[in-house]
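Naming convention: chains lettered A, B, ... in sequence-line order (proteins, then strands); numbering from 1 in each chain. These values consider heavy atoms only, across backbone and side chains, with no hydrogens, waters or symmetry-generated copies.
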Protein chains: 2
Amino acid sequence: MSNEAAVEPRWLSDEEQYAWQCYLHATTLLEDHLDRQLQRDAGMPHVYYGLLVQLSRAPRRRLRMTELAQNAKITRSRLSHAIARLEKNGWVRRENCASDKRGQNAYLTDEGMRVLEKAAPGHVAAVRAAIFDRLSPEQVGQLAEICQVMTEGLQPQGADLPWLR
Amino acid sequence: MSNEAAVEPRWLSDEEQYAWQCYLHATTLLEDHLDRQLQRDAGMPHVYYGLLVQLSRAPRRRLRMTELAQNAKITRSRLSHAIARLEKNGWVRRENCASDKRGQNAYLTDEGMRVLEKAAPGHVAAVRAAIFDRLSPEQVGQLAEICQVMTEGLQPQGADLPWLR
DNA sequence: GGAGAGTTATTTAAGTTTTAACAACGCCGG
DNA sequence: CCGGCGTTGTTAAAACTTAAATAACTCTCC
């Protein structure tokens with residue numbers, strides 16, 4: 001007698017199912033919207049924009065690849081491709097890491113900084129229009145709290161590698 | 001004297017910026033997580049799974065392409081590719097629409113239904129583990145409300161076409 | 001009834017992401 | 001010091017998505 005798949009799964013309640021539907025709609029629509037907005041106004045998708053933002057906030061506008069990947073919640077592989085593209089645009093460049101011969105730093109060029117500064121107002125406006133100008137301050141707090149809880153349950157450790165405990 | 005780009009944009013407050021960061025982390029981690037879970041357990045990404053769900057809930061397990069695209073919040077182009085792939089797997093098939101010679105219906109095959117039924121428990125468990133088992137009932141309500149508000153501000157009309165008013 | 005405009009779905013090409021594999025280096029214990 | 005194991009970043013190939021163009025059809029209005 002096995003105990004696998006034996007129990008009836010706990011399906012979602014009506015409220016949960018509804019919330020889930022709302023969540024899926026809202027998140028896909030927003031991501032789509034921001035992708036298009038940034039593609040149009042800055043020539044890059046939202047994720048790439050996020051990378052520039054991360055770099056712009058880092059100490060000397062530079063970060064180790066792995067750290068950048070972790071901050072942006074993407075795999076190192078994806079980051080490699082993204083940085084390659086941004087490098088072609090002249091917005092980012094790579095340099096060897098002094099302390100670790102394997103390491104690479106990505107850094108934001110002056111041109112990249114300019115692109116970012118030019119794109120930022122439009123992007124913030126889009127985010128505002130979609131979220132923060134529509135929610136009450138209480139709701140903003142609730143959203144942060146909810147997302148925090150979700151993130152806690154999802155933090156990966158080996159973002160790229162086979163799932164070795 | 002032009003009035004374009006003249007005003008300093010309203011940047012996000014600290015609370016807003018924090019909430020936005022949380023949102024981005026949570027949503028990208030979750031989407032990633034579900035994609036992997038479904039890819040592993042059902043051999044398809046989350047979006048494709050969503051298409052099967054939509055079809056399974058539709059009247060005779062079939063929907064017009066456009067309607068399906070709207071429900072799933074994706075472009076018709078993307079849907080075409082997705083259905084082509086699902087068709088190769090034998091999980092979905094197309095048929096001509098009786099009332100409109102341009103139209104196509106996608107319908108879920110018996111095999112597709114079986115795949116869906118086999119994948120559903122694991123998927124629900126993953127969604128539960130990530131969200132609904134972590135949030136209070138109040139938070140679930142808040143989440144639904146917040147996402148609803150967001151969606152209202154984002155509903156597209158011509159999801160695929162050039163943005164003609 | 002037919003021209004013009006809009007709709008439906010697909011296709012092609014280019015861009016992005018994933019997966020798995022890999023080369024190169026760092027670190028630790030014997 | 002060196003063998004094994006983990007880490008860092010990249011890459012090739014396959015899968016997926018996007019953007020733009022297109023064929024086929026419907027609808028409206030004169």
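Computed from coordinates, the B/D35 CG to D/dA15 C1' distance equals 12 Å when rounded to whole Å. Taking atom CD of residue B/Q70 and atom C1' of nucleotide C/dT8, one finds them 11 Å apart after rounding to whole Å. Distance NE2 (A/H33) to P (D/dT18): 15 Å, rounded to an integer number of Å. When the C1' atom of D/dC16 is taken as reference, atom CD of A/E31 falls 15 Å away, rounded to whole Å. Atoms CG (B/D32) and C1' (C/dT16) sit 14 Å apart, rounded to a whole Å. Taking atom CZ on B/R76 and atom C1' on D/dT18, their separation rounds to 14 Å, with Å as the unit. Following rounding to the nearest Å, B/E67 (CD) and C/dT7 (P) show an atom-to-atom distance of 16 Å. Per the geometry, CZ belonging to B/R78 stands 18 Å off C1' belonging to D/dA20, to the nearest Å.
Taking only side-chain atoms of A/R36, from C-beta outward, the nucleotide of C/dT10, D/dA19, D/dT8 with the closest atom is D/dA19. Of the candidate nucleotides D/dT11, C/dA9, D/dG9, C/dA9 has the atom lying nearest to any side-chain atom of B/M65. Listed nucleotides: D/dT8, C/dT18, C/dT8. Nearest to the side chain of A/T66: D/dT8. Listed nucleotides C/dT8, D/dT17, D/dT8 differ in distance to A/R64; the shortest reach to its side chain belongs to D/dT8.
Taking all atoms of both residues into account, the shortest heavy-atom contact from A/L154 to B/A26 is CD1-O, 4.1 Å.
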Tabulate atom names and distances for all N/O pairs under 3.5 angstrom spanning the protein and nucleotides 4-6 of chain C.
unit_1	atom_1	unit_2	atom_2	d
C/dG6	N2	B/R102	NH1	3.0

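When atom types are taken as modelled, the side chain of B/E117 and the backbone of B/R114 share no donor-acceptor pair closer than 3.5 angstrom. Between the side chain of B/D100 and the backbone N or O of B/R102, at least one donor-acceptor pair lies under 3.5 Å.
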Per-pair distances, 0.1 Å, donor-acceptor, side chain in residues 46-56 of chain A, under 3.5 Å, sequence neighbours excluded:
unit_1	atom_1	unit_2	atom_2	d
A/H46	ND1	A/E31	OE1	3.3
A/Q54	OE1	A/N71	ND2	3.4
A/S56	OG	A/V53	O	2.7

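Both A/Q39 and B/G43 lie near DNA chain D, and the one whose nearest nucleotide falls closer to the 5' end is B/G43. Each of A/G103 and B/Y48 lies near DNA chain D, and the nucleotide nearest A/G103 is the one positioned closer to the 5' end. Between B/L79 and A/P45, the residue whose closest nucleotide on DNA chain C is further toward the 5' end is B/L79.
Of the listed residues (B/T27, B/L29, B/T28), just one forms a side-chain contact (heavy atoms from CB on, under 4.5 Å) with A/T151, and that residue is B/L29.
In this structure, CZ in A/R62 is found 11.0 Å from CZ in A/R93, a value given to the nearest 0.5 Å. Separating the CZ atom in A/R61 from the CE atom in A/M113 is a distance of 5.0 Å, to the nearest 0.5 Å.
Remark: B/R85, B/D100, B/K101 in residues 82-101 of chain B come within less than 4.0 Å of DNA chain D through at least one heavy atom.
For the pair B/Q104 and C/dT10, the criterion of a side-chain N or O lying under 4.0 Å from OP1 or OP2 is met.
Judged by atom type and distance alone, A/S80 does not reach the base of D/dT11 through any side-chain donor-acceptor pair under 3.5 Å.
With hydrogens and angles left out, the side-chain atoms of A/E111 and A/T109 include no donor and acceptor closer than 3.5 Å.
Taking a 6.0 Å sphere around CZ of A/R40, one finds it holds more than 12 heavy atoms contributed by other residues, nucleotides or ligands.
Criterion: ILVMFWY side-chain heavy atoms under 4.5 Å apart, direct or through other members. Under it, A/Y107 and A/I83 are not part of a common hydrophobic cluster.
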